[in-house]
Amino acid sequence: RRAVATQAVPAAQAAGLHDFLGQLAASSGQLEEAQAHFEAALAACPGLLSPTRALIDLLQPSGEYERIDQLIEQALAEHAHLEPGERAELLRRQAEARQAQGRAREAYQALLAAEELAPGDIAQQVWLGDSAYELGEYGEAAHRLGSLLTYASHPEELPAPLTPLRLADA
């Protein structure tokens, strides 16, 4: 810790050490210390994925969605060549943060980007359909949700806006 505090360690090594210490603190229930270590790791190496994910998990329960959105934006910018599934997962988490902030259109855009990278996830399709419906894009909602009706054993029992009749009206 002293070597990190005095900056005697290169930034990448300091980030890795802070990430490790953050994980250790989090596992022992010292959440404030864990958060401080994850923040320090990101200060040393902005956008580093492991401390970014861990910090998001710590910030989520307290509703710090603006900070979560910033962390994800930084990680996406720093890692332009992430594996598509991994990038899609970050985009879904960004959509959650934006939706919680009342930024429905931006959340929808993040979901669309995730869908392009990792298509076919049923939960993502439902979320896209519901989001489109909430934004008044009924045709898009019908397209997203209507294709899921084949998975329902009793489509007539689905809640609105998922009912076949409701989708037919769109």
Side-chain angles (χ1 to χ4, degrees), residues 1-137 140-141 144:
R1 288 184 186 191
R2 188 175 17 249
V4 171
T6 61
Q7 297 179 349
V9 175
Q13 286 179 319
L17 184 56
H18 276 297
D19 184 34
F20 174 76
L21 293 171
Q23 299 292 342
L24 193 62
S27 69
S28 64
Q30 299 170 346
L31 301 183
E32 288 180 16
E33 183 178 340
Q35 184 173 341
H37 280 296
F38 295 137
E39 292 281 6
L42 292 173
C45 287
L48 198 60
L49 292 176
S50 177
T52 295
R53 285 190 188 103
L55 191 53
I56 289 168
D57 290 341
L58 287 176
L59 297 173
Q60 187 94 30
S62 60
E64 295 185 48
Y65 300 113
E66 187 173 333
R67 176 73 175 124
I68 290 170
D69 187 33
Q70 292 168 352
L71 289 168
I72 294 170
E73 196 66 37
Q74 180 72 42
L76 291 171
E78 293 289 327
H79 301 282
H81 302 293
L82 273 177
E83 183 267 321
E86 205 168 355
R87 191 169 185 83
E89 181 56 34
L90 284 173
L91 286 164
R92 282 190 287 274
R93 296 200 70 181
Q94 187 173 48
E96 289 173 3
R98 289 177 174 180
Q99 193 165 20
Q101 293 176 72
R103 296 164 52 197
R105 177 67 59 187
E106 292 173 75
Y108 183 68
Q109 294 303 318
L111 280 176
L112 285 174
E115 175 65 14
E116 285 181 26
L117 293 168
D121 180 81
I122 292 175
Q124 186 170 274
Q125 287 293 314
V126 170
W127 192 4
L128 274 166
D130 285 346
S131 295
Y133 189 85
E134 289 173 16
L135 291 169
E137 297 181 15
E140 181 65 17
R144 298 284 179 187

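All values reported here derive from a predicted model rather than from experimental measurement. Along the sequence shown, residues carry numbers from 1.
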Salt bridge present between Glu140 and Arg144 (N-O < 4.0 angstrom): yes
Separation of Thr52 OG1 from Leu90 CG (nearest 0.5 Å): 8.0 Å
Distance in Å, Glu96 CD paired with Gln60 CD, rounded so as to fall on 0.5 Å steps: 5.5 Å
Closest contact, heavy atoms only, Gln23 versus Ala54: NE2-CB, 3.7 Å
Electrostatic pair Asp19:Arg53 at N-O distance under 4.0 angstrom: no
Distance in Å, Ser131 OG paired with Gln109 CD, rounded so as to fall on 0.5 Å steps: 10.5 Å
Closest contact, heavy atoms only, Phe38 versus Gly22: CZ-C, 3.2 Å
Euclidean distance, Ile72 CD1 relative to Arg93 CZ, rounded to 0.5 Å: 6.5 Å
Residues, nucleotides or ligands: over 12 heavy atoms within 6.0 Å of Gln70 CD: yes
Side chain to side chain contact (heavy atoms under 4.5 Å, CB included) partners of Ala107, counting only residues at least two apart: Ala95, Arg98, Gln99
Heavy-atom donor-acceptor pair, Glu115 side chain to Leu128 backbone, under 3.5 Å: no
Non-hydrogen atoms of Gln74 and Pro46 that approach each other most closely: NE2-CB, 3.5 Å
Validation row: Tyr133, Asp130 side chains within 4.5 angstrom (heavy atoms): no
Pairwise distance CG(Leu49) to CG(Leu71) - rounded to 0.5 angstrom: 11.5 Å
Rounded distance [0.5 Å steps], CG in Leu31 versus CG in Leu58: 5.5 Å
Charged N-O contact under 4.0 Å between Glu116 and Arg87: no
Closest heavy-atom pair and its distance - Gln35, Leu59: NE2-CD2, 3.6 Å
Evaluation steps, side chain to side chain donor-acceptor pair (under 3.5 Å), between Glu106 and Gln94: CA-CA 9 Å; Glu106 292 173 75; Gln94 187 173 48; over 6 Å; no
4.5 Å side-chain heavy-atom contact, Leu55 and Arg67: yes
Shortest non-hydrogen contact between Arg92 and Trp127, atoms and distance: O-CH2, 3.5 Å
Heavy-atom pair of closest approach, residues Ala34 and Ala26: CB-N, 3.6 Å
Salt-bridge contact Asp69-Arg103 (side-chain N to carboxylate O under 4.0 Å): yes
